[in-house]
Amino acid sequence: MNLILLGPPGAGKGTQSEVLCKKLGIPQLSTGDMLRAAVKAGTPVGLKAKEIMAAGGLVPDEVVVGIIADRISEPDCAKGFILDGFPRTLPQAAALDKLLKSKKKKLDCVIELKVDDKILADRIENRARETLAAGGTVRADDNAEALKTRLMAYYRETAPLTGYYFAHELLRTVDGMAPITDVTRQIDEILAAVEAS
Ligand code: AMP
């Protein structure tokens, strides 16, 4: 099963993809996680991405497409993968289509998590608070200012992807404001229907 989880920052993509990857036995490919690892390791990609990410902007398409092209070619993706945070722009979506076609693969489903903006801001604040309370390091972009930029980037660049995938008959939408287990159940139902079709 090759899936995309789509939604604004704080919508719960990471949480749901973790559940799904355990259940389906396929990896979660989060460009955000991969970029944060690159920043931490100080790789050339990380150096390029660091400031952009901290400000809440989008890393150039060619950088993330390159990362995903390499990652999808790894053996653990043979049975499928869950894309979390990629694609985020129409050119990234087109690059993904081309990439999958070249590997004779296709997308099975794109699941959009819908959440009100006010709830997103509260969730991001909570995530920062909980990370601090647990003694962890808060993400450089989990603050009110960067969240505004991330939301603007989402509406300008990423939201058009719902139209793109609707037109490709791949889009399914769930209520991302429901409790986590309810969201998981909605996703399970969608995947069961996709499998049966
Ligand atoms: P995330 O963990 O998905 O919220 O991503 C954190 C940050 O990483 C984003 O705000 C962007 O700066 C960068 N990023 C992650 N994925 C992408 C992508 N597909 N395209 C561009 N930038 C990305």
Side-chain angles (χ1 to χ4, degrees), residues 2-21 27-73 77 81-100 107 110-115 117 119-131 136-162 164-165 176 183:
N2 300 328
L3 304 173
I4 294 178
L5 289 190
L6 202 62
K13 301 185 296 295
T15 305
Q16 294 300 330
S17 28
E18 264 175 44
V19 175
L20 277 173
C21 73
Q28 167 201 17
L29 311 187
S30 157
T31 38
D33 285 350
M34 293 183 227
L35 287 166
R36 277 185 289 278
V39 169
K40 204 167 170 195
T43 66
V45 164
L47 293 176
K48 210 183 266 186
K50 189 175 179 184
E51 302 290 319
I52 301 172
M53 290 175 74
L58 290 184
V59 174
D61 289 337
E62 63 276 14
V63 173
V64 280
V65 169
I67 292 178
I68 285 294
D70 290 346
R71 187 62 188 88
I72 276 182
S73 308
C77 292
F81 48 80
I82 302 157
L83 288 169
D84 159 11
F86 179 92
R88 253 181 163 95
T89 65
L90 287 169
Q92 289 179 22
L96 177 65
D97 284 348
K98 206 167 144 198
L99 181 66
L100 293 178
L107 286 171
V110 177
I111 299 173
E112 179 197 12
L113 299 168
K114 268 208 165 180
V115 180
D117 293 344
I119 291 183
L120 296 176
D122 293 345
R123 283 188 182 178
I124 299 270
E125 262 175 42
N126 272 341
R127 178 159 77 187
R129 234 190 323 262
E130 281 166 15
T131 306
T137 311
V138 175
R139 278 173 52 163
D141 57 354
D142 268 355
N143 59 71
E145 210 41 52
L147 175 64
K148 267 185 222 153
T149 313
R150 288 160 73 196
L151 271 180
M152 290 300 284
Y154 180 78
Y155 288 115
R156 195 173 45 236
E157 307 279 359
T158 312
L161 294 183
T162 55
Y164 181 87
Y165 288 120
V183 178

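As the structure lists them, so they are numbered: ligands from 1, and atoms in each ligand from 1. For clarity, every value in this text was computed on a predicted model and none was experimentally measured.
- Pairs of residues two or more places apart, or lying in two chains, never qualify as salt bridge (charged side-chain N to carboxylate O under 4.0 Å, His left out) while including a residue from residues 83-97.
- The side chain to side chain donor-acceptor pair (under 3.5 Å) check on R129 picks up N126, with sequence neighbours excluded.
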Quick check on ligand 1: any N or O pairs to the protein under 3.5 Å? One line per pair.
from	atom 1	to	atom 2	distance (Å)
ligand 1	2 (O)	R36	NH1	3.0
ligand 1	2 (O)	R36	NH2	3.0
ligand 1	2 (O)	R139	NH1	3.4
ligand 1	2 (O)	R139	NH2	3.4
ligand 1	3 (O)	R88	NH1	3.1
ligand 1	3 (O)	R88	NH2	3.1
ligand 1	4 (O)	R88	NH2	3.3
ligand 1	4 (O)	R139	NH2	3.1
ligand 1	5 (O)	R88	NH2	3.4
ligand 1	12 (O)	G57	O	2.5
ligand 1	16 (N)	T31	OG1	2.8
ligand 1	16 (N)	G85	O	3.4
ligand 1	16 (N)	R88	NH1	2.9
ligand 1	19 (N)	G85	O	2.9
ligand 1	19 (N)	Q92	OE1	3.0
ligand 1	20 (N)	Q92	NE2	2.9
ligand 1	22 (N)	V59	N	3.1

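- In this structure the side chain of L96 reaches within 4.5 angstrom of the side chain of L107, judged on heavy atoms.
- Remark: Y164 pairs with H168 by the ring-ring contact (aromatic ring centres under 6.0 Å, His included) rule, at least two apart or across chains.
- Closest non-hydrogen pair, P27 versus C77, comes out as CG-SG, 3.9 Å.
- L120 and A11 make their closest contact through CD2-N, 3.8 Å (heavy atoms, listed as atom of the first residue, atom of the second, distance).
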